> 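If you scroll down you'll find the structure; I have some questions about it.
It should be emphasised that the depicted structure is a prediction, and the values quoted were computed from it without experimental measurement. Naming: A, B, ... by sequence-line order, numbering from 1 per chain.
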Amino acid sequence: MKHIQAINRKATRMENSVAQTQDTQSTTDDVVALQDQQGPPQQPEGPHIPLGCSLVFSPGWEVDRNGGTAGLCQPVERDLFDCHRGCFWPAHVPDQLNHSPDWTSKCAAAQKDWRKVDLIFP
Amino acid sequence: MFCQDPRHLIIWSSFLVLVLIGSSSAAAQTAESDSSKGIPIDNATVKQACSSCHVADEKGRLSRISFRRTTPEGWQQTIRRMVTLNGVDLDPETAREVVRYLSNTLGLAPEEAYPAAYEVERRADDQPYKDAGIQETCTQCHSMGRVLNQRRTSKEWALLMAMHRGYYPFTDFQAFRRSGPATDEPQPVDQAIKHLSEHFPFQTSEWAAWSATMRPARVAGTWLIRGQALGLGPVYGSFTITPVPDTEDEFTTATTYTYARNGRRVTRTGQAIIYTGFQWRGRSSEDNGNTHREVMFVDRDLRTMRGRWFTGSYDEEGIDITLERADSQPVIAGVHPLALSTGTTETLRLYGLNLTGESPSNSIDLGPGIEIMEVLGNNDESFDIRVHVDAEASHGYRDLFFDRSNISNAIAVYDEVDRITVMPSTGMARVGGIRFPKQYQQFEARAYNDGPDGESNTADDLDLGIIDANWSIEEYAVTIGDDDTQYVGSIDGSGLFTPSLDGPNVERSGERNNIGDVWVTATYPAQTMSRSQLRARGHLVVTVPLYLRWDPTAVEQP
């Protein structure tokens, strides 16, 4: 890198990020997402599969395909209404079709009124 | 995340109807071969509760119900679905009677229940299944253990898939059918029906053998507890089971155990029921209201039970439990600490039962190189001994001889800590605390000696037990400028990670939740001059809550 000079802001951020990462004793190999399927050698082998976790959807509920959270929809509350209406996450979010048709009736916008949605035991 | 266009819904719905028609015809083909199977229902409560929809045939078999076997949790999930979606009106007492009868009559044999014990024990690991394609189809939404705990006729497997399609129309697009050009290869759902019918059939030799001899296990008496709690270490104590009068399978329990590392003593009382002759489901509480659920399996010799006791909003806190029947003879459960350094004099505490009146100095033997200097007094459940480890003692595990019994590899003799590890290597927590509960993650650091070969991670390495490490979290850099460590939560001195609050965080870019990926790092002072400290780390995912909980919670209540 010593013969290359950053000439725009993005390149400067990359240089700073590399320097910062080296300062914290990690290595640049730790930057794993954006998103390498295999991951660097020190990454735990294969994604962890917590019980009930959906790994395979793209993105998944708890984790993305790489076993991390970088690929998840954020914030999750922004997504809840679509998940509910579309019954897309049947093991994670109440579905409008059958189990909980009125789940979101108390909040006009989940991202603002998320405190009004209930935990559902179907 | 997926915008709903009404036109798409119409198209999908039409497609679904075609799929269901296809599935129904497939089910019809298998119906004939399944007609000779099925177990009659001979219980008035079950008949009354179920037969308004489930029709009885001439042999007393109820449709659907008589052609499927599963765990108590599996039956409870089904009954809950009948109540919430099909309008069944059951009082709790009737529901419990139905679960009990169906679990005993249409349950699993021990050999069938063990492979997916992790599912009912609520362990946070789904084991890889031998067929990756089947696993991918099923684990899109739920764990594979949920499947492994089912036995069905071919027709029932086909109807189960149809149920999924009916209740969750997206399953076709998410898992059950391939997209892209048509091929001759069967669709994933059809492969699953075929595979599961072959590998998890309704009729099995295991169930035939078990159901012929099955009866409530005779477990009354006192049992020795050997447990292991992540981050907290070994647990030793006693578990006394008393039958409830006029019942065969209900019990009350009195439990006392001690965490060997910190001496904390816990007393619990509880109740339990044994399903299918071997599946213990209990619930016990401390005086402060702290409640454990107990899921265990009684070995066929009626001398051992194994399982997990757990609590937490996501069942994440637990103790791996082994119970051994304790007669009136003195018996040792374990020892603390688990490792002794050469050339030192230390005090060991031995835990067990029926120890009062024993003369431990005569009956105990810790093996070559460990001299027992003094017995420091004893009570019924423990005693202390002062031991000296010879400076030249060979490194390795020592069996602990006590009276006429033996505990293998009870103590490790070593010279120094060569490395440490963090367990689990991958953990998961969920944000919570405002609207939804937190899921905590406990970590533990263990020390190892390299063993005689002097090389790490070889078969002769010695596990020296849990150590008091210094804990911290570090960035698991996934994106440039990753900032997870500022938001996800904190880890305390015992290795317990507490996630941050749920909800969008307005102080974070994009109002992201307090989720992220971090390393959990343990450090420990090195005993050699070449290194200042030993270091190990585990991966932690801090993620979003569940808004829906399928987990049964009441099968342990008689």
> When you measure from the centre of the six-membered ring of B:Phe443, is the NZ or CZ of B:Arg537 closer than 6.0 Å and no more than 45° off the axis?
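Negative - B:Arg537 is either too far from the ring of B:Phe443 or too far off its axis.
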> At a 4.5 Å cut-off on heavy atoms, which part of B:Val542 comes close to chain A: side chain, backbone, both, or neither?
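For B:Val542, backbone heavy atoms alone lie under 4.5 Å from chain A.
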> Crowded around A:Arg13 CZ? As in, over 12 foreign heavy atoms under 6.0 Å?
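Open: at most 12 neighbouring heavy atoms sit under 6.0 Å from CZ of A:Arg13.
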> Would you say the side-chain atoms of B:Arg512 pair up with the backbone N or O of B:Ser509, donor to acceptor, closer than 3.5 Å?
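Yes, because the side chain of B:Arg512 sits within donor-acceptor range (under 3.5 Å) of the backbone of B:Ser509.
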> Roughly how far apart are B:Phe173 CZ and A:Phe88 CZ, rounded to 0.5 Å?
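Spacing of CZ (B:Phe173) from CZ (A:Phe88) equals 11.0 Å.
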> Can you tell me which portion of B:Asp502 sits under 4.5 Å from chain A's heavy atoms? Options are side chain, backbone, both or neither.
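Backbone plus side chain of B:Asp502, per the 4.5 Å heavy-atom cut-off to chain A.
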> In terms of heavy-atom pairs under 4.5 Å with chain A, which of B:Asn505, B:Val541, B:Asp517 leads?
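Top count of heavy-atom pairs under 4.5 Å with chain A: B:Asp517.
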> Check whether A:His99 gets within reach of chain B through its side chain, its backbone, both or neither, counting any heavy atom under 4.5 Å.
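Looking at A:His99, backbone and side chain both touch chain B.
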> Distance-only, no hydrogens or angles: does the B:Arg535 side chain make a donor-acceptor pair with backbone N or O of B:Ala522 under 3.5 Å?
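No; judged by distance alone, with no hydrogens or angles, the pair does not exist.
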> Do you know which of B:Pro424, B:Gly503, B:Gly516 has the most heavy-atom pairs under 4.5 Å to chain A?
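If we count pairs closer than 4.5 Å to chain A, B:Gly503 comes out on top.
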> Let me know if A:Leu97 has heavy atoms under 4.5 Å from chain B in its side chain, its backbone, both or neither.
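Just the side chain, heavy atoms under 4.5 Å.
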> Please look at A:Asp95 and chain B and tell me whether the side chain, the backbone, both or neither of the residue comes under 4.5 angstrom of a heavy atom of that chain.
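For A:Asp95, the contact with chain B is made by the side chain alone.
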> Which residues satisfy the side chain to side chain donor-acceptor pair (under 3.5 Å) test with A:Ser105, sequence neighbours excluded?
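A:Ser105: no side chain to side chain donor-acceptor pair (under 3.5 Å) contacts found.
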> Measure from the ring center of B:Tyr547 to the ring center of B:Phe436 and say whether it is less than 6.0 Å.
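Yes, the ring of B:Tyr547 comes within the 6.0 Å limit of the ring of B:Phe436, centre to centre.
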> A:Gly68, A:Cys87, A:Pro75: which one forms the most heavy-atom pairs within less than 4.5 Å of chain B?
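That would be A:Pro75.
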> Under a 4.5 Å heavy-atom cutoff, which of B:Asn513, B:Thr84, B:Thr543, B:Asp484 has the most pairs with chain A?
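The residue among B:Asn513, B:Thr84, B:Thr543, B:Asp484 with the greatest pair count is B:Asn513.
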> Side chain from CB out, backbone as N, CA, C, O: work out which of these in B:Tyr167 comes under 4.5 Å of a heavy atom of chain A, or both, or neither.
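For B:Tyr167, the contact with chain A is made by backbone and side chain together.
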